[in-house]
J.: 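To start, I am sharing the structure in question, which I have written as structure tokens.
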2 protein chains.
Amino acid sequence: MELTAAKQKFIEAWGKLGSEWGINRTMAQVHALLLVSPEALTTEEIMKDLSISRGNANMTLRDLIGWGLVEKQHKAGERKEYFYADKDTWNIARQVAKERRKRELDPVLKILDELSNVQGDVKDPEFKTFNKTVTDINKLAKNVDKTLDTMLKAEESWFWGSIFKMFK
Amino acid sequence: MELTAAKQKFIEAWGKLGSEWGINRTMAQVHALLLVSPEALTTEEIMKDLSISRGNANMTLRDLIGWGLVEKQHKAGERKEYFYADKDTWNIARQVAKERRKRELDPVLKILDELSNVQGDVKDPEFKTFNKTVTDINKLAKNVDKTLDTMLKAEESWFWGSIFKMFK
DNA sequence: TTAAACTTTCAATAATTACTGAAAGTTTAA
DNA sequence: TTAAACTTTCAGTAATTATTGAAAGTTTAA
């Protein structure tokens, strides 16, 4: 396969995976494009490569910066802004985990805690089932939360080393 | 808080979390409703509780069965079908992990393997960056795949026990 | 058989989400 | 200052995704 075709395929696959996981397809594609670009790119280049509008490129890049996945760069003597993506896969995974935890897991944990404390008649099957489901999910979510916390603090090798110990 | 209000809040929160993770909001809500229902429910009851149409209820329930999260039940002497959700949180987590792996991770792993094998000029920075990014992501994805495999085979206590060892 | 009770399908429509492009805003160099 | 070079905003529109509801299909009991 051609390098150009291979890049294209990577960008498409990444976009599809992103959209299946609730991440805007274009955002995932812009990220993918930057991940396979050795040099930082300008808005113009991104617009052209992915055939997207200036407005879309601008907002998407802003979002990616907000996710901590992309940074602005300036080149000496130039007005234009350049965009560069960290290529360290472990950093990317941690950054995504960190943001999704903050944006999505934390709010739901708060609600689960609240719902776990709802009082009711333990003889009532409606209450019993509600209470069991909510407290069980709350426990699971807290486990996930703790595991993410460990992952965020960890070095890659240590983290996967620990995971691998599970197999032995 | 009222039990009824609490259920409502749980259904909404679950629907929101689902939609943020690429799962149809209604599907997540129907699942949530069944999770807090001690008895199996009919299509009619689900339609009424969530104010959704018959067609939507029917297709959503079919999807949930396809995900292995809900099962049909029949009551003796009755024509109607009843729907029941497994309430074991660990089973639910494993089932979701299993399906998403099959539907989303496996296809992307296949593409990453293919792209990892693309040949090129190691002196070309374009190729070098592409190759590094793709092979690194491929490695990470394979680690996730293996971890999921372990999780799918594991008992809950064993799995979380192993995770907790990471903290010590 | 048949008709009532129930389930499934899917074309039409609604709701949501994403994108465009032009205008407004900002920065820089002369 | 000013005007060129660049970035940001956002109302309007397009694309995608989800839902409805009525018709078609199926099952069961008499």
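In what follows, chains carry the letters A, B, and so on, assigned in the order in which the sequence lines appear, proteins first and then strands, with residues in each chain numbered from 1.
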J.: Let's see if you can work this out: which of C:dT20, D:dT8, C:dC19 has an atom nearest to the side-chain heavy atoms of A:Ile52?
T.: C:dT20
J.: Validate the cation-pi geometry between B:Lys7 and A:Phe130: distance from NZ or CZ to the six-membered ring centre under 6.0 Å, angle to the ring axis within 45°.
T.: no
J.: Using the side chain to side chain donor-acceptor pair (under 3.5 Å) criterion, which residues pair with B:Thr60? Sequence neighbours excluded.
T.: B:Asn56
J.: Can you tell me the distance, in whole Å, between the NE2 atom of A:His74 and the P atom of D:dA5?
T.: 18 Å
J.: If you pin A:Glu78 and A:Ser19 to their nearest nucleotides in DNA chain D, which one's is more 5'?
T.: A:Glu78
J.: Establish, for the pair A:Lys123 and A:Phe127, whether the NZ or CZ atom is under 6.0 angstrom from the six-membered ring centre and no further than 45 degrees off its axis.
T.: no
J.: Do any of residues 53-67 of chain A sit with a heavy atom less than 4.0 Å from DNA chain C, and if so which?
T.: A:Ser53, A:Gly55, A:Asn56
J.: Less than 4.0 angstrom from a charged side-chain N to a carboxylate O is my criterion; do A:Lys102 and A:Glu99 meet it?
T.: yes
J.: Please tabulate the protein-to-nucleotide N/O contacts below 3.5 Å involving nucleotides 26-30 of chain C, giving atom names and distances.
T.:
{"unit_1": "C:dT27", "atom_1": "O2", "unit_2": "A:Arg79", "atom_2": "NH2", "d": "2.8"}

J.: Does B:Lys80 pair with B:Glu44 as a salt bridge, N-O distance under 4.0 Å?
T.: no
J.: How close or far is atom P of D:dT17 from atom NZ of A:Lys16, stated in whole angstroms?
T.: 11 Å
J.: Please state whether the rings of A:Trp90 and A:Phe159 are parallel, tilted or perpendicular, taking 30° and 60° as the class boundaries.
T.: tilted
J.: Could you tell me the separation between the NZ atom of B:Lys16 and the CZ atom of B:Arg25, rounded to the nearest 0.5 Å?
T.: 8.5 Å
J.: Any side-chain heavy-atom pair from B:Ile23 and B:Arg100 closer than 4.5 angstrom?
T.: yes
J.: Between C:dA18 atom P and A:Gln29 atom CD, what is the distance in whole Å?
T.: 13 Å
J.: Looking at A:Asp149 and A:Lys153, is there a salt bridge between them, counting it only when a charged N and a carboxylate O are closer than 4.0 Å?
T.: yes
J.: Which residue, A:Tyr82 or A:Arg25, contacts DNA chain D at a nucleotide closer to its 5' end, judged by nearest heavy atom?
T.: A:Tyr82
J.: State, with a plain yes or no, whether a side-chain heavy atom of A:Asn131 is found less than 4.5 Å away from one of A:Asp124.
T.: no
J.: Is it the case that atom NZ in B:Lys128 sees more than 12 heavy atoms from other parts of the structure closer than 6.0 Å?
T.: no
J.: Output the distance between atom CG (B:Asn24) and atom CE (B:Met59), rounded to the nearest 0.5 Å.
T.: 11.0 Å
J.: For DNA chain D, what are the stems built from at least three Watson-Crick or G-U pairs in a row, each pair having both distances below 3.5 Å?
T.: C:1-30 with D:1-30
J.: Which parts of residues 34-51 of chain A get close to DNA chain C, meaning a heavy atom less than 4.0 angstrom away?
T.: A:Ser51
J.: In whole angstroms, how far is the C1' atom of C:dT17 from the CG atom of A:Asn24?
T.: 9 Å
J.: I need the full list of salt bridge (Lys or Arg N to Asp or Glu O under 4.0 Å) pairs touching residues 132-144 of chain A, with sequence neighbours left out, sorted by first then second residue.
T.: A:Asp113-A:Lys142, A:Lys132-A:Asp136
